[in-house]
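The next block holds one structure in the form of structure tokens; read it before the comments.
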Amino acid sequence: MDLRVAFAGLTLKNPLLTASGTFGYGREAAEIYDLGILGGVMVKGVSREPWPGNPPARVARAPGGMLNAIGLQNPGLKHFVEVDLPFLRRYQTAVVVNVVGHDQQGFVDVVQGVTGQEGVAAIELNISCPNVADGLLFSQDPASARRLVQAARAATGLPLIVKISPNVTDPVALGQACKEAGADALSAINTLLGMAIDTARRRPVLGNRTGGLSGPAVKPIGLRIVYDLAAQVGLPVIGMGGIETGLDALEYIMAGARAVAVGTAVFRDPYAPPRIVRELGEELQSHGFENATQAWAAANPAAREAAS
Amino acid sequence: MDLRVAFAGLTLKNPLLTASGTFGYGREAAEIYDLGILGGVMVKGVSREPWPGNPPARVARAPGGMLNAIGLQNPGLKHFVEVDLPFLRRYQTAVVVNVVGHDQQGFVDVVQGVTGQEGVAAIELNISCPNVADGLLFSQDPASARRLVQAARAATGLPLIVKISPNVTDPVALGQACKEAGADALSAINTLLGMAIDTARRRPVLGNRTGGLSGPAVKPIGLRIVYDLAAQVGLPVIGMGGIETGLDALEYIMAGARAVAVGTAVFRDPYAPPRIVRELGEELQSHGFENATQAWAAANPAAREAAS
Amino acid sequence: MRGWDLEVTAANRPAPGYAEISCKAPQAVAALPGQFFMLRAGEHPDTYLPRAFSWYRQEAPDRLSFLFRVQGPGTRHLGGLRAGDHLYALGPLGHGFTLPERPVRAALLGGGVGVPPLWGLARNLLAGGSEVLALIGARSGAHLVGAEEIAALGAEVRLATDDGSAGRKGLLTDLLEGEQVDALYACGPEPMLRRVQEISLGAGLPAELALEAPMACGYGVCMGCVVERTRPQDELGDYGRYARVCREGPVFRAEEVRF
Amino acid sequence: MRGWDLEVTAANRPAPGYAEISCKAPQAVAALPGQFFMLRAGEHPDTYLPRAFSWYRQEAPDRLSFLFRVQGPGTRHLGGLRAGDHLYALGPLGHGFTLPERPVRAALLGGGVGVPPLWGLARNLLAGGSEVLALIGARSGAHLVGAEEIAALGAEVRLATDDGSAGRKGLLTDLLEGEQVDALYACGPEPMLRRVQEISLGAGLPAELALEAPMACGYGVCMGCVVERTRPQDELGDYGRYARVCREGPVFRAEEVRF
Ligand SMILES: Cc1cc2nc3c(=O)[nH]c(=O)nc-3n(C[C@H](O)[C@H](O)[C@H](O)COP(=O)(O)OP(=O)(O)OC[C@H]3O[C@@H](n4cnc5c(N)ncnc54)[C@H](O)[C@@H]3O)c2cc1C
Ligand SMILES: Cc1cc2nc3c(=O)[nH]c(=O)nc-3n(C[C@H](O)[C@H](O)[C@H](O)COP(=O)(O)OP(=O)(O)OC[C@H]3O[C@@H](n4cnc5c(N)ncnc54)[C@H](O)[C@@H]3O)c2cc1C
Ligand SMILES: Cc1cc2nc3c(=O)[nH]c(=O)nc-3n(C[C@H](O)[C@H](O)[C@H](O)COP(=O)(O)O)c2cc1C
Ligand SMILES: Cc1cc2nc3c(=O)[nH]c(=O)nc-3n(C[C@H](O)[C@H](O)[C@H](O)COP(=O)(O)O)c2cc1C
Ligand code: FES
Ligand code: FES
């Protein structure tokens, strides 16, 4: 089974990436399998300066998934470039740098800082983190998203992916603005704003009160948003949200995703990424496809819409 | 345990209602228990004329819940007033009429049509159904929601509840607009727009392509929105989304809900409503409360916020 | 309708991909042929909703079995039950087959997973003095279920398979050619039911079809399981366009349904 | 770290609300005292994430047990396992207790559900020639777990309960009064750990604390399980404010942690 996919200036050995923030910078998983098995690694959000993140408790169970309020704890650009990136460079996998900032300049500085570094395959702008005060700033208003993407576009020649929030009325309008500003691809979805209540202590479980919902529970929402983005914006989409099996991955591909990412499932099963790569090959075969792109084309909403 | 609650001109024997669209007009459940056990029944959406609903398939499984795209099939105002309401009047429970329309006049005509009918305790305006083309029209724009609620307010003296959509960037702004327009209470949440893909048939499972996600999977989102509405809008809120047990109901009450509604859980367990009433009493007791209002006050965000 | 906690007494695999689970069931779980139950077991996230199944055999007054094909998470979990396990059943639900007022010669058509409701129907027809011709089809001989069990009741059984590996090769409905029957009863995949509908309308032969639809509740409250009616119920206007398979059905007269 | 499919060989209830499950475990599952495993069983929606548990006893080289209090859905499901069932374990994980270089007299403090990691610690300390004073506390005598098992290793065991129904009435740390020890090792509820930290800092007595935190992954990738450090790691600036309990811990030196 030929699993290679190519889009937006990226060529991946298979369509499976690990989602940002659920895989650190690859070090822990590298203890149990060769990261070269993966289509790519989307690293934990990198900010210009080190960020401490939110006070605990940072995670809570949720039906069919979990809530997190990590708040983007990360060691910052310098540490990433000097320590984490060289580590990842040892593996035959595409490294996508997830970028965060408190303001436009914060984003742009990181984009600039990683551009030109060896071994960076693409940049993903995280304008959709619900767990920091200004995390959704750029998602709630397409105009400010447009300005941010334009600035990032001017700062890099690398493939530029923008991560779309599900916590907005109109993800398509947001995607459209990103496209017009020069984004090469979209990724979706980030987590959904949620809450858990500890009845014994009569207050929210999480230190930050609210957190982001992820895992199988959000899969239907991710599929809907990927479907709409793929059909209506017309940029390649990296789909994610609740992927646990090869069949889930195929569902996203048929919804219109060119590639997919696995997040929360790696907490339940650290071996999930190599397993999903294998299962996706099996599912493609049993569904009668010769490669991953065929499956995407067979059902992709744009092609289907055009044909109907 | 004293389970009575009173708010927004409503007095309920207990805080548990059945959610609109998951209980028909009470006829089927009445075959297995006395509806008088319930705090209230929020009936299936009623439109001015009969509506046929969407083509099948209308339901699909989802992790920790389900998707539906019923499209508000209902027999219309006349049938409701002549057949369903008289049936419900036989039970000692509060009847909340869920109202739908394609435009403002459609809503207002139903509001007028049920006002003055014996046995209607309150009206719930459903401006948040994701399964009909114009279902989210009034949710996506607080200004048009304001006009609609003003018109409904002018048409009735009954307690007026507005049902809030989770598919918007800012549910609080929407709730605020409803409050200013004269709503007495809010209910939240309606279903989240989602999708399921049938990989064998290479297309969406549902006839309407997208559907509304409900069940335990959405509970964290419901809790977050109820918490925000209760703390920031300051109208009483009827909480729903994934309630299955008395503990779930207590979580919603502690998030700030004055009453709660059970929806999808009645598909899994038709006896869920009387069971949850019983369990809620037990939970209140084991958490050290003497009545339901105490639990609400002990943890309600408005009081907590004011105190901190 | 009532909720029942049923204990599984036996589980077996009558054909590849099929499972039959037999349960200890109180006599009160009396169900008519064509009625169904909503079953659930386990708490996997993908099995939040119960699943609909016709009852299959009732070999003793306090026994009830279900026969199903493993298709997805719901049937996978139910198919994994073993003797001693429990399942939750809501039922009996819906509107079953109509028995003729006087003895007739009836053809029962069961395609694949459509066979289960025919066992009870055959039993009741035979008990009422009718003659039963049971036409049973499957993909191949290995996938045939229920034929022996229905024959054992005293019905005349004929077979058809897609590949000809058992009985006649071809469509199940082809077996009707040259047969003299007074009524048709059918359950199976939609193309087969359409064909039975055509035959019924063409020959003016009364037919009842047992339908399937994705269901959420199974007892009439979700409006999820609808089928289009040929004649909307007039007093309800447009609303009457769709009927609930779980409540007005699952058995409909052939002329009522628009596929 | 590795994933293991473990077969349960026995399950019992050592005290009300507690469960101990013993498993058949390959020798390779070698774990140091204070290390833990992420366990899961079943597929209930509320148990999507695995749960963290110290390993408790290793009575034979191919056996491993876990002891836990039933608190919520995760422990409810694990507590329902019976001999013959399987569970999935990821581990061993984290950074365990540090053994002294020469024999010492060590006090081990275990409050309630904090006892499990002390069994292995006591065994290894004793094997290294140290003296072990094990102080074990619980709400009441009925809720005491692990005391007999740790005594059976050859440790000196003293008890404290909130209600005085076994051992001394009062705080576990009160049992330290008048004792001459060289090192403290503690695991239990946060107020008890704070108290041990005070004693350690006050008396300049080395102490190690085994911490708990809500965890998602257990192996360092989610950043969910952090505890605040007293001295941020300078080279990482602000980032160093929080350490991962699952990776830098769960055992920390008392002076490292800011409660
Ligand atoms: C009245 C009635 C009686 C019945 N009696 C019997 C019987 O006696 N024996 C029997 O074998 N069956 C019977 N059925 C059918 C049975 O209910 C289904 O086979 C069962 O519900 C399948 O559940 P599942 O979870 O195993 O499969 P599902 O995974 O639900 O798959 C069933 C099909 O639904 C589609 N689907 C639904 N949701 C999704 C989704 N989210 N993603 C992808 N695909 C989806 C797929 O096309 C799939 O092939 C009956 C149905 C009805 C309505
Ligand atoms: C390194 C380590 C080792 C451990 N070793 C042991 C051991 O040996 N034995 C032992 O008994 N325990 C041990 N624990 C604790 C154990 O992990 C927890 O008891 C277990 O995770 C509880 O899971 P649960 O699903 O049963 O309870 P949960 O329902 O998760 O409840 C635990 C507490 O978390 C809160 N909570 C979390 N999420 C929610 C939510 N969504 N809604 C409401 N409340 C919530 C509540 O306050 C609740 O009281 C250890 C923990 C760690 C980190
Ligand atoms: C613990 C945790 C941390 C996350 N951190 C980030 C992050 O740093 N940057 C980002 O873009 N997304 C982050 N996400 C979102 C995921 O990348 C992903 O979009 C989301 O979880 C949905 O996928 P899943 O259901 O497979 O987890 C995080 C998610 C989780 C659960
Ligand atoms: C099958 C189905 C039909 C529904 N129909 C309506 C409706 O007619 N009017 C309405 O306001 N909400 C409707 N809803 C939304 C529910 O009332 C409720 O807001 C939502 O399902 C969340 O609660 P739950 O998770 O307990 O089901 C429907 C939900 C379902 C599942
Ligand atoms: S399945 Fe719910 S109405 Fe038929
Ligand atoms: S539990 Fe995930 S980093 Fe510690």
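Note that this is a predicted model, so its numbers are computed, not measured. Convention: sequence-line order gives letters A, B, ...; per-chain numbering from 1.
Between chain D and the options A/S47, A/P56, A/A29, the largest number of non-hydrogen pairs under 4.5 Å is found for A/P56. Interface check for chain A: of the options D/G218, D/P214, D/C222, D/G74, the most heavy-atom pairs under 4.5 Å are formed by D/C222. Options A/A217, A/G53, A/G215, A/P55 differ in how many heavy-atom pairs under 4.5 Å they form with chain D, and the most are formed by A/P55. In terms of non-hydrogen atom pairs under 4.5 Å with chain D, the most contact-rich of A/G71, A/G21, A/G263, A/G65 is A/G65.
Under a cutoff of 6.0 Å and an axis angle of 45°, A/R58 and D/Y242 form a cation-pi pair.
No part of D/M38 comes within reach of chain A, as not one of its non-hydrogen atoms sits under 4.5 angstrom from that chain. Residue contact with chain A, scored on non-hydrogen atoms closer than 4.5 Å, is absent for D/A213. For chain D, the nearby part of A/Y271 is the side chain; its heavy atoms alone come within less than 4.5 Å. If you measure heavy-atom distances from A/D269 to chain D, the contacts under 4.5 Å come from both the backbone and the side chain. For chain D, no part of A/V205 is nearby; none of its heavy atoms comes within less than 4.5 Å.
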Exercise. After noting the C-alpha distance and the side-chain angles of D/V226 and A/Q73, does the key distance pass the side chain to side chain contact (heavy atoms under 4.5 Å, CB included) rule?
Worked result: CA-CA 10 Å; D/V226 297; A/Q73 173 172 357; 3.7 Å; yes

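Side-chain contact check for A/I32 versus D/M1: some heavy-atom pair is nearer than 4.5 Å. Inter-residue side-chain proximity for A/R268 and D/L49 is flagged as unmet; no heavy-atom pair is nearer than 4.5 Å. Residues A/R61 and D/Y48 are not in side-chain contact: their nearest non-hydrogen atoms beyond the backbone lie 4.5 Å or more apart. Counting heavy atoms from C-beta outward, D/V221 and A/Y25 have side chains that stay 4.5 Å or more apart. The side-chain heavy atoms of A/W51 and D/R241, taken from C-beta on, include no pair separated by under 4.5 Å.
In this structure, CZ on D/R40 lies 13.5 Å from CZ on A/F267, to the nearest 0.5 angstrom.
By the 4.0 Å N-to-carboxylate-O rule, A/E28 lies close enough to D/R244 to be salt-bridged with it.
Residues meeting the side chain to side chain donor-acceptor pair (under 3.5 Å) test with D/H143, sequence neighbours left out: D/R139, D/S140.
Of all heavy-atom pairs spanning A/I70 and D/M223, the tightest one is CD1-O, 3.5 Å. When all heavy atoms are compared, the tightest approach of D/Y88 to A/P270 is OH-CD, 4.2 Å.
The environment of A/Q92 atom CD is sparse: at most 12 non-hydrogen atoms of other residues, nucleotides or ligands sit within 6.0 angstrom.
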